[in-house]
2 protein chains.
Amino acid sequence: MKPKSASIKDVAAAAGVSRATAARVLGGYGYASGQVHEAVLGAARELDYAPSRMAKAMRTGQSQLIGFVSADITDGLFSEALGGICRIAEPLGYQVVVFNSADRLDGEREGIRNLLSHGVEGLIVSPVVVSQREHLQAAARAVPLVCLDRAPEGLPSVVSDNAGAARRAVQSLVEHGHHQIGLVSSVQAEEPIVIDSSDQILRVLGPDRPSVLRARGFVDGMHDAGLPIGPGQLCFTPHLAEDAQLRVTQWLEAKDGLTAVLAADSYQARYVYRALRLLRRRVPEDLSLIVFSDAEWTEFVVPPLDTISLDGAEMGARAAGALFELIRGSAQATSEVISAIHRPGQSVVTLSAEATAT
Amino acid sequence: MKPKSASIKDVAAAAGVSRATAARVLGGYGYASGQVHEAVLGAARELDYAPSRMAKAMRTGQSQLIGFVSADITDGLFSEALGGICRIAEPLGYQVVVFNSADRLDGEREGIRNLLSHGVEGLIVSPVVVSQREHLQAAARAVPLVCLDRAPEGLPSVVSDNAGAARRAVQSLVEHGHHQIGLVSSVQAEEPIVIDSSDQILRVLGPDRPSVLRARGFVDGMHDAGLPIGPGQLCFTPHLAEDAQLRVTQWLEAKDGLTAVLAADSYQARYVYRALRLLRRRVPEDLSLIVFSDAEWTEFVVPPLDTISLDGAEMGARAAGALFELIRGSAQATSEVISAIHRPGQSVVTLSAEATAT
DNA sequence: TTGAAAGCGCTAACAC
DNA sequence: GTGTTAGCGCTTTCAA
């Protein structure tokens with residue numbers, strides 16, 4: 001039923017040579033006479049020989065495996081990233097081992113430990129939080145490690161320019177005549193956005209994770225334009241909260257002077273959309289809506305929505321590229337952000353409607 | 001820089017015992033005195049010992065790895081499936097190695113070969129085509145294998161009830177007063193849908209792949225309702241064809257008697273949507289539109305669209321469940337379809353509008 | 001040009 | 001209870 005696949009020993013025996021000779025021929029190194037060469041290759045074909053990478057890895061330390069620890073592989077951004085990683089890894093003969101940390105820090109720790117025990121040669125991680133990074137640094141001491149989408153300090157990371165994109169989105173809205181602009185975002189329980197309005201000027205504090213950076217970029221954009229901005233223009237709901245829809249709806253109802261809204265992710269955009277339907281308002285006639293979203297979603301979403309398109313495939317590919325450079329040793333691990341990504345041709349927000357409010 | 005992680009030998013040395021004893025303690029089998037037990041555990045903690053699964057796999061043949069060969073990991077259905085697979089595999093201590101076949105049959109072959117060489121204990125494959133299955137059968141001889149979303153004959157598979165869902169969708173439309181219903185679908189180059197209209201009755205021929213099954217269910221549903229149906233009601237475009245949008249638009253323009261359309265996937269739904277915008281018609285006021293789509297897309301898509309929601313997570317979880325039963329040996333490989341999946345509460349299509357046409 | 005042998009880290013049968 | 005030992009499949013040094 002389960003015919004144990006042929007090993008190099010079987011091939012050697014069939015070809016009537018020693019294991020070492022067979023290995024040399026099959027491995028393509030060392031010397032072998034034409035005679036022997038053919039015999040070995042013939043035997044290998046005959047027996048349908050496939051080398052065991054485990055054994056090879058055991059001996060050489062090269063497992064040809066890299067690990068991807070993702071907060072949610074189901075999320076469009078990360079599944080695109082996985083696609084990008086595979087696109088780079090597979091032609092190099094590498095396979096990707098996936099671990100879904102399900103947004104739990106201990107899941108992330110466990111995943112990293114598991115993948116390392118499988119002998120992965122490198123690790124791409126989209127960290128659950130950016131402020132706890134001991135386990136990441138420990139892992140980075142064992143194998144090359146690149147962070148994706150989120151950049152804990154001191155670790156090589158590939159992230160998109162969240163703050164810059166939000167800032168430009170606001171700028172774009174302003175150029176189209178909007179003055180009353182709102183932001184809708186989720187906040188993570190572990191690393192919340194902190195708004196400091198004690199001073200004259202509104203400040204966004206908190207760790208450098210995407211939601212915070214987007215909020216910061218938003219506020220900066222408003223400041224750039226010299227527009228007044230108060231805490232009331234910002235709608236924050238806890239990540240995956242039950243009552244998120246309700247809160248967004250109530251907020252939107254209360255702020256009926258708004259002519260434009262920036263949604264920090266596609267969940268928020270959906271809340272806004274539904275709220276507008278309830279309130280009998282429409283996009284873009286009554287409100288311009290810009291949303292951060294992955295390329296896949298952007299591709300399919302029904303217009304008119306303006307999107308800041310996050311190219312997960314490109315992010316994944318670049319992370320993998322950086323990782324393989326580190327594995328090869330052709331680059332040093334740098335603690336800087338490796339690149340900021342926007343989807344070509346869509347990095348600058350396009351708007352489908354002018355502001356209609358006064 | 002890269003401190004080679006401690007092996008069981010190091011632990012044994014540090015604890016002053018033999019490798020076997022250390023192994024017994026760490027492996028939790030055999031006997032060891034309390035003294036020794038503690039010493040070994042202490043040493044292991046001290047050295048931050050992590051067992052090498054490669055070595056273990058080498059010895060025992062249990063790599064704790066399963067493989068997932070997907071036609072497009074970026075696709076919502078398959079990324080959901082991967083999530084479902086991980087959800088089952090991870091608590092069991094298994095990791096998932098991914099290979100993206102990019103819809104190429106030789107990619108699929110290569111992926112299977114690669115994953116097997118890594119010693120995966122089982123394989124989940126979403127086959128590119130259902131009619132070429134020698135390589136799948138060969139793989140299934142080496143390790144347990146379960147197919148996902150597509151069911152080549154004779155291999156255990158987890159698929160959704162594509163034909164049944166399409167049939168019920170038509171039935172539902174008919175109950176809402178629609179008579180003129182169209183189908184929009186892509187066709188694969190390798191395994192095309194074949195329409196036989198030579199007889200009085202329209203027949204859908206071709207291999208049992210999702211697109212064909214959906215078309216067949218559609219036609220069956222029309223027959224059930226006693227509605228006339230001709231080839232003109234079916235709009236087929238080659239998969240990923242450049243001019244797909246144009247063809248759908250032209251078809252829709254020509255068939256302006258239609259009051260409802262079934263879209264075989266989310267790409268087609270998008271084409272229909274765009275075509276309607278061009279033609280200044282709207283969903284659902286002018287046309288009811290039902291689309292087959294993954295749950296993620298369904299979740300986000302802006303209403304009003306009626307969806308036949310394919311629950312990729314459930315499919316993945318069931319495939320993984322079946323696979324682990326086979327790995328454990330607690331089940332025999334059956335050649336029947338293991339299950340037909342619909343998303344709870346959404347398996348029956350709901351319509352947002354009655355037919356408005358005569 | 002080829003073969004013998006060691007060893008990667010682990011498990012398990014067997015001896016003490 | 002604990003130690004010795006062989007071996008999973010491969011690479012690689014060294015000797016022939």
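No experiment lies behind these values; they were computed from the predicted model shown. Here is how names work: the chains are called A, B, and so on, in the same order as the sequence lines, proteins then strands, and each is numbered from 1.
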- Query: Can a salt bridge be assigned to the pair B/Glu314 and B/Arg318 using a cut-off of 4.0 Å between side-chain N and carboxylate O?
  - Reply: yes

Given atom [atom1] of [X] and atom [atom2] of [N], what is their separation to the nearest angstrom?
{"X": "A/Met54", "N": "C/dG7", "atom1": "CE", "atom2": "P", "result": "22 Å"}
{"X": "A/Gln64", "N": "D/dG9", "atom1": "CD", "atom2": "P", "result": "19 Å"}
{"X": "A/Leu26", "N": "D/dT12", "atom1": "CG", "atom2": "P", "result": "14 Å"}
{"X": "A/Ile8", "N": "C/dT2", "atom1": "CD1", "atom2": "P", "result": "15 Å"}
{"X": "A/Arg19", "N": "D/dC8", "atom1": "CZ", "atom2": "C1'", "result": "11 Å"}
{"X": "A/Arg53", "N": "C/dC8", "atom1": "CZ", "atom2": "C1'", "result": "18 Å"}

Which nucleotide in the list [options] gets nearest to the side chain of [X]?
{"X": "A/Ala20", "options": "C/dA12, D/dG9, C/dA4", "answer": "C/dA4"}
{"X": "B/Lys9", "options": "C/dC10, D/dT2, C/dC8", "answer": "C/dC8"}
{"X": "B/Met58", "options": "C/dC10, D/dG9, C/dA12", "answer": "D/dG9"}
{"X": "B/Arg24", "options": "C/dC14, C/dG9, D/dC10", "answer": "C/dC14"}

- Task: Could you grab the distance from atom CD1 of A/Ile124 to atom OG of A/Ser157, nearest 0.5 Å is fine?
- Result: 11.5 Å

- Query: At what distance, to the nearest 0.5 angstrom, does CD1 of B/Ile85 lie from CE of B/Met315?
  - Reply: 9.5 Å

- Is any side-chain heavy atom of A/Glu108 closer than 4.5 Å to a side-chain heavy atom of A/Pro127? yes

- Message: Within the structure provided, determine whether A/Arg104 and A/Arg109 are in side-chain contact (heavy-atom separation under 4.5 Å).
- Response: no

- Query: Are OP1 or OP2 of C/dA4 and a side-chain N or O of A/Ser18 less than 4.0 angstrom apart?
  - Reply: no

- Message: Please tell me if B/Ser33 has a side-chain N or O lying less than 4.0 Å from either OP1 or OP2 of D/dG1.
- Response: no

- Item | Side-chain donor or acceptor of A/Glu325 paired with backbone N/O of A/Ser330 under 3.5 Å | no

- DNA chain C contacts made by residues 45-52 of chain B, counting heavy atoms under 4.0 Å: B/Tyr49, B/Pro51, B/Ser52

- Task: State whether the number of non-hydrogen atoms from other residues, nucleotides or ligands found under 6.0 Å of A/Glu134 atom CD is greater than 12.
- Result: yes

